[in-house]
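Comments concern the structure below.
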Amino acid sequence: MRIGILGTGGMADALGAQWLRSGHEVLFGGRDLARAEALARRWSGDHGTLLQAADFGTDAVLMALPWQAAVEVARQLPLTGRVLIDCTNPVGAGFRLLTAGTPSAAEQLATAAGPEAHVVKSFNLCHEDVWRLTPPVFDGRPLGVPLSGDNDEALAVVRQLVRDVGCEPFAAGELAQGATLLEATAALLIRLWVGEGVDAQSIAPPGEFAGPRAPAAVLTPSS
């Protein structure tokens, strides 16, 4: 695949390196061309401006900028027909979800990019260092990566990119609901991991204790 990466920070570095190792073509794009060039040189990729990265990413574009900057950049770039992967987290001081009471960051990004761009929320629940693991496997279990989006073809592309990192893709629903849940989950996990210094993974019981799984199951107060 041809993947354009918007941004030159940790997420761009980690995921770009993984996808290059998997045999994809990657162009790192940034406002700071020196940083973009340094990433490209480190991982044997290409580099250029944000516009060049958007043009290059005919199969997928990773939005790896702070979310408010991401929305502004999306308004300025030609993203028609692009699969736009949103790994941003709108989390501010005090681990506050900055989009509370408004559309999710992913929905705002979709509005800014235009109706012909296909936004998929994913890769937002883990720190950049997790994505540097080759692969991210813990106690013999590959990391699960939720995806939220509205376009089946775009979701299929991102599922493959998740597998190429060595992870298992999970469906998290349509963008209007799934992205909101993923962003709120990220805020909670960051609060627990960073703010409280606790093992956030321990809040979820093993699957066999998670309750009914059938889609038609009706949970009662005693469930």
Side-chain angles (χ1 to χ4, degrees), residues 1-22 24-93 96-99 102-132 149 154 157-158 161 165 175 179 182-183 186-187 190:
M1 295 187 199
R2 287 168 59 92
I3 305 169
I5 295 184
L6 307 179
T8 57
M11 290 293 286
D13 180 24
L15 288 172
Q18 292 280 29
W19 290 330
L20 280 164
R21 290 190 192 104
S22 297
H24 300 297
E25 299 176 68
V26 173
L27 189 148
F28 298 94
R31 291 191 178 100
D32 187 332
L33 289 179
R35 285 174 61 93
E37 183 180 8
L39 281 183
R41 187 167 56 248
R42 183 182 309 157
W43 303 118
S44 300
D46 295 319
H47 75 282
T49 64
L50 294 173
L51 175 59
Q52 288 171 322
D55 284 340
F56 182 87
T58 52
D59 294 295
V61 174
L62 174 69
M63 181 60 79
L65 296 166
W67 80 275
Q68 289 174 315
V71 171
E72 184 58 35
V73 165
R75 292 193 183 101
Q76 301 170 6
L77 294 179
L79 294 168
T80 298
R82 292 297 189 257
V83 176
L84 185 57
I85 306 169
D86 175 23
C87 68
T88 69
N89 278 317
V91 180
R96 184 168 58 91
L97 185 64
L98 299 176
T99 53
T102 68
S104 67
E107 290 174 278
Q108 294 182 40
L109 186 62
T111 298
E116 298 304 316
H118 308 302
V119 174
V120 177
K121 187 79 184 187
S122 192
F123 295 104
N124 73 306
L125 295 185
C126 296
H127 187 269
E128 63 197 56
D129 287 344
V130 171
W131 305 120
R132 292 192 172 95
V157 167
V158 182
L161 292 176
V165 176
L175 202 68
L182 286 176
E183 292 171 12
I190 293 168

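Computed from heavy atoms alone, side chains included, the values below leave out hydrogens, waters and symmetry copies. Remember, it's a predicted structure, so these values are computed and weren't measured experimentally.
- A donor-acceptor contact shorter than 3.5 Å links the side chain of R82 to the backbone of D55.
- For T8 against G30, the heavy-atom pair with the smallest separation is CG2-CA, 4.1 Å.
- Within a 6.0 Å sphere centred on CZ of R96, other residues, nucleotides and ligands contribute 12 heavy atoms or fewer.
- A pairwise comparison of heavy atoms in A12 and L39 identifies CB-CD1, 4.4 Å as the closest pair.
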Working note: T99 + E107, criterion side-chain contact (heavy atoms from CB on, under 4.5 Å); need CA distance, chi angles, decisive distance, verdict.
CA-CA 10 Å; T99 53; E107 290 174 278; over 6 Å; no
Walk me through whether V73 and R31 qualify under side-chain contact (heavy atoms from CB on, under 4.5 Å).
CA-CA 11 Å; V73 165; R31 291 191 178 100; 3.4 Å; yes
Do D86 and E183 pass the side-chain contact (heavy atoms from CB on, under 4.5 Å) test, and can you show the C-alpha distance, the side-chain angles, and the key distance before you say yes or no?
CA-CA 11 Å; D86 175 23; E183 292 171 12; 4.1 Å; yes
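- When side chains are defined from C-beta on, V26 does not count as touching W43, because their heavy atoms never get closer than 4.5 Å.
- Here the closest non-hydrogen pair linking A64 and C87 is CA-SG, 4.1 Å.
- Rounding to the nearest 0.5 Å gives a distance of 8.5 Å between CZ of R41 and NE2 of H47.
- Using a 4.5 Å heavy-atom cutoff, the side chains of S104 and L109 are not in contact.
- Side chain of N124 to backbone of N89: no donor-acceptor contact under 3.5 angstrom is found.
- Residues that satisfy the ring pair (Phe, Tyr, Trp, His ring centres under 6.0 Å) test with W67, not counting sequence neighbours, are absent from this structure.
- We find the CD1-CD1 distance between I85 and I3 to be 6.5 Å, quoted to the nearest 0.5 Å.
- The two residues A54 and L79 have their closest heavy-atom pair at CB-CD2, 4.0 Å.
- Side-chain contact between V83 and D59: absent, with no pair of heavy atoms (C-beta onward) separated by less than 4.5 Å.
- A distance-only check finds a donor-acceptor pair linking the side chain of W19 to the backbone of L161 [under 3.5 Å].
- Summarising the geometry of L27 relative to A53, their closest heavy-atom pair is CD2-CA, 3.6 Å, with the distance given to 0.1 Å.
- Q108 pairs by the side-chain hydrogen bond (donor to acceptor under 3.5 Å, both in side chains) definition with nothing, not counting sequence neighbours.
- Nearest heavy-atom pair, R35 versus G9, reported as atom, atom and distance to 0.1 Å: NH2-CA, 4.0 Å.
- Here R132 pairs with D13, E128, D129 under the side-chain hydrogen bond (donor to acceptor under 3.5 Å, both in side chains) rule; sequence neighbours left out.
- By the 4.5 Å heavy-atom criterion applied to side chains, D46 and R2 are not counted as neighbours.
- Side-chain contact check for S44 versus L20: every heavy-atom pair is 4.5 Å or farther apart.
- Under the 4.5 Å side-chain criterion, counting only non-hydrogen atoms from C-beta, L65 is not in contact with T88.
- Side-chain contact annotation: Q76 with E72, donor-acceptor N/O pair under 3.5 Å present.
- Taking CE of M11 as the start and CH2 of W131 as the end, the distance is 6.5 Å to the nearest 0.5 Å.
- Between atom CG of residue L51 and atom OG1 of residue T49 there is a gap of 5.0 Å, rounded to the nearest 0.5 Å.
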